[in-house]
Protein chains: 2
Amino acid sequence: MNIEEIKNKLSQHGLKATIQRIQVYSAMLKTKSHPTAEDIYSMVKAEIPSISLSTIYNTLDSLIEKNLVSTVKTDSDVTRYDAFLDSHHHIYVGGGDEIIDYYSQELDDLLNDFFKKNSIPNFEIKEIKLQLKGDYVNNQKENN
Amino acid sequence: MNIEEIKNKLSQHGLKATIQRIQVYSAMLKTKSHPTAEDIYSMVKAEIPSISLSTIYNTLDSLIEKNLVSTVKTDSDVTRYDAFLDSHHHIYVGGGDEIIDYYSQELDDLLNDFFKKNSIPNFEIKEIKLQLKGDYVNNQKENN
DNA sequence: TATTAAATAGGAATAATTCCAAATTAAAAA
DNA sequence: TTTTTAATTTGGAATTATTCCTATTTAATA
């Protein structure tokens with residue numbers, strides 16, 4: 001998405017298209033790595049050196065409210081953000097902070113079917129998300 | 001689990017059976033509601049008025065390290081603790097802080113089968129956990 | 001171009017958690 | 001049982017992520 005498209009997307013969602021928001025959202029779209037607020041702060045600072053960390057938080061909050069960004073739960077206490085909202089699951093590597101996206105239409109179908117057959121009384125499911133925890137095996141990405 | 005059994009469990013896991021640990025673990029086993037550190041602090045204070053909040057955190061960390069307790073993150077980013085470690089999933093109600101346990105052997109079998117057939121290259125899955133987000137429907141537990 | 005409501009900056013405040021060092025204590029050894 | 005010792009507890013200080021506050025700035029609109 002280019003700057004112009006981002007501007008439009010912000011306006012469409014009733015958000016004033018400020019340079020700060022454009023750059024924050026642009027940074028979010030550039031990375032698949034579920035950045036923290038600080039990560040985004042660093043990235044956007046390259047473009048707008050005067051930007052404040054408060055603005056990062058404010059902007060992320062606005063984007064979340066408009067469903068353009070979501071948060072990812074980690075075991076540690078830093079919030080991570082995600083601008084990719086198509087249905088996917090998360091692989092948590094090594095109990096740590098590495099989170100990888102996992103896409104599978106087959107899995108989504110399986111889950112949707114299951115909960116269609118086994119609905120939860122008085123509860124409407126809006127999102128089904130899987131957390132896969134584990135570790136790399138072999139010597140692929142290992143480093144101890 | 002009574003005091004004696006808790007003592008044994010702690011020793012078996014190489015943890016000194018201090019009154020503090022016994023009471024913290026006992027409190028954890030008494031509640032299904034995924035308490036926060038502060039919640040446990042309040043509960044244990046009834047038994048040991050002099051206990052320190054640091055000890056609550058230390059103790060929970062020890063219990064986590066020995067796999068007697070695990071953590072759950074809420075949408076509002078507070079860490080909650082869980083002493084019930086049999087396979088279950090979590091229902092997040094209304095974007096808030098309420099988390100309900102969801103047990104289903106059928107679902108677990110389904111998921112295990114799926115990942116047996118669709119293993120992730122160089123990755124060993126240790127835990128498969130589902131997050132169900134949604135809201136109550138009807139007038140059951142609604143309050144707005 | 002002027003108006004205005006919304007957004008930003010940045011520093012202070014808050015809240016959860018971790019850190020630290022001295023005092024205490026459970027478990028092991030004598 | 002007593003002594004020894006290494007682990008644990010305390011409680012206050014420090015840290016960290018996030019929120020709050022408000023004067024200033026700015027995008028959108030008329």
Side-chain angles (χ1 to χ4, degrees), chain A residues 3-4 6-27 34-42 44-45 47-66 68-81 97, chain B residues 3-4 6-27 34-42 44-45 47-66 68-81 97:
Chain A
I3 302 294
E4 210 48 45
I6 291 177
K7 263 190 175 174
N8 289 338
K9 177 139 280 195
L10 291 172
S11 304
Q12 283 159 25
H13 286 81
L15 293 175
K16 253 161 98 169
T18 63
I19 319 129
Q20 290 84 348
R21 282 178 176 162
I22 293 165
Q23 290 300 330
V24 167
Y25 191 41
S26 168
H34 314 96
T36 64
E38 286 284 346
D39 291 339
I40 299 171
Y41 186 42
S42 312
V44 176
K45 254 194 156 166
E47 307 297 323
I48 314 171
S50 66
I51 198 168
S52 150
L53 182 54
S54 299
T55 301
I56 303 293
Y57 279 107
N58 288 339
T59 301
L60 288 169
D61 286 349
S62 305
L63 294 173
I64 288 167
E65 200 185 354
K66 299 299 180 182
L68 294 173
V69 162
S70 68
T71 57
V72 188
K73 289 186 206 343
T74 64
D75 279 344
S76 78
D77 45 16
V78 255
T79 303
R80 291 176 170 275
Y81 300 85
D97 266 343
Chain B
I3 302 293
E4 209 49 42
I6 290 178
K7 264 190 175 174
N8 289 338
K9 177 139 277 192
L10 292 171
S11 304
Q12 282 160 26
H13 287 80
L15 293 175
K16 256 159 97 169
T18 64
I19 320 130
Q20 290 85 349
R21 282 178 177 162
I22 293 166
Q23 290 301 330
V24 167
Y25 192 42
S26 169
H34 313 96
T36 63
E38 285 285 347
D39 292 338
I40 299 172
Y41 186 44
S42 311
V44 176
K45 254 197 157 164
E47 307 297 324
I48 314 172
S50 66
I51 198 167
S52 152
L53 182 55
S54 299
T55 301
I56 303 293
Y57 280 106
N58 289 338
T59 302
L60 289 169
D61 286 348
S62 305
L63 294 173
I64 288 166
E65 200 184 352
K66 299 299 179 180
L68 294 173
V69 161
S70 67
T71 58
V72 193
K73 269 285 157 65
T74 64
D75 279 345
S76 59
D77 273 325
V78 196
T79 303
R80 289 174 174 275
Y81 300 85
D97 259 347

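Computed from a predicted model, the values in this text were never measured in an experiment. Chain A is the first sequence line, chain B the second, and so forth, proteins listed ahead of strands; every chain is numbered from 1.
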Rounded to whole Å, the CG-P distance (A:Asn58 to D:dT26) equals 16 Å
Is a donor from one side chain sitting under 3.5 angstrom from an acceptor on the other, for A:Asn8 and A:Ser11? no
Atom CD1 of B:Ile56 and atom C1' of D:dT8 are separated, to the nearest Å, by 14 Å
Between A:Ile51 and B:Ala17, whichever has its closest DNA chain C nucleotide further toward 5' is A:Ile51
* Asked: With a 4.5 Å limit on heavy-atom distance, are the side chains of B:Lys16 and B:Leu10 in contact?
  -> no
Under a 4.0 Å heavy-atom criterion, DNA chain C is touched by chain B from C:dA16 to C:dA27
Whichever of B:Leu15 and A:Lys7 has the more 5' nearest nucleotide on DNA chain D, that residue is B:Leu15
Between the OH atom in A:Tyr81 and the CD1 atom in A:Ile64, the distance rounded to the nearest 0.5 Å is 5.5 Å
- Query: Checking all strands, does A:Ile22 fall into the base, sugar-phosphate, or nothing category for heavy-atom contacts under 4.0 angstrom?
  - Reply: nothing
note: B:Lys45, atom NZ; D:dG11, atom P; distance rounded to Å ~ 9 Å
A:Ile64 atom CD1 is separated from D:dT18 atom C1', nearest whole Å, by 12 Å
When rounded to whole Å, the CD1 to P distance for the pair A:Ile48 and D:dT25 reads 17 Å
*At under 4.0 Å between heavy atoms, what does B:Ser50 touch on the DNA or RNA strands: base, sugar-phosphate, or nothing?*
sugar-phosphate
So, do B:Lys73 and A:Asp75 sit near enough that their side-chain heavy atoms are less than 4.5 Å apart? no
_At 4.0 Å (heavy atoms only), tell me whether A:Thr18 reaches a base, stays on the sugar-phosphate, or touches nothing._
sugar-phosphate
Winner on side-chain proximity to B:Lys16, out of D:dT10, D:dA28, D:dA6, is D:dA6
Original post:
Which part of the nucleic acid, if any, lies within contact of B:Thr79, taking any heavy atom under 4.0 Å across all strands shown: a base, the sugar-phosphate backbone alone, or nothing?
Top reply: sugar-phosphate
query = Take atom NZ in B:Lys7; do more than 12 heavy atoms of anything else shown fall under 6.0 Å from it?
reply = no
Rounded to whole Å, the OH-P distance (B:Tyr41 to D:dT9) equals 14 Å
query = Do A:Glu47 and A:Ile19 have side chains that get closer than 4.5 Å, going by heavy atoms?
reply = no
Rounded to whole Å, the CG-P distance (A:Leu53 to D:dA17) equals 10 Å
To the nearest 0.5 Å, atom CD1 of B:Ile3 lies from atom CD of B:Gln23 at 5.0 Å
From CG of A:Asp61 across to P of D:dA17 the rounded distance in Å is 16 Å
Among the nucleotides D:dT26, D:dG11, D:dT18, whichever has the atom closest to the side chain of B:Ser52 is D:dG11
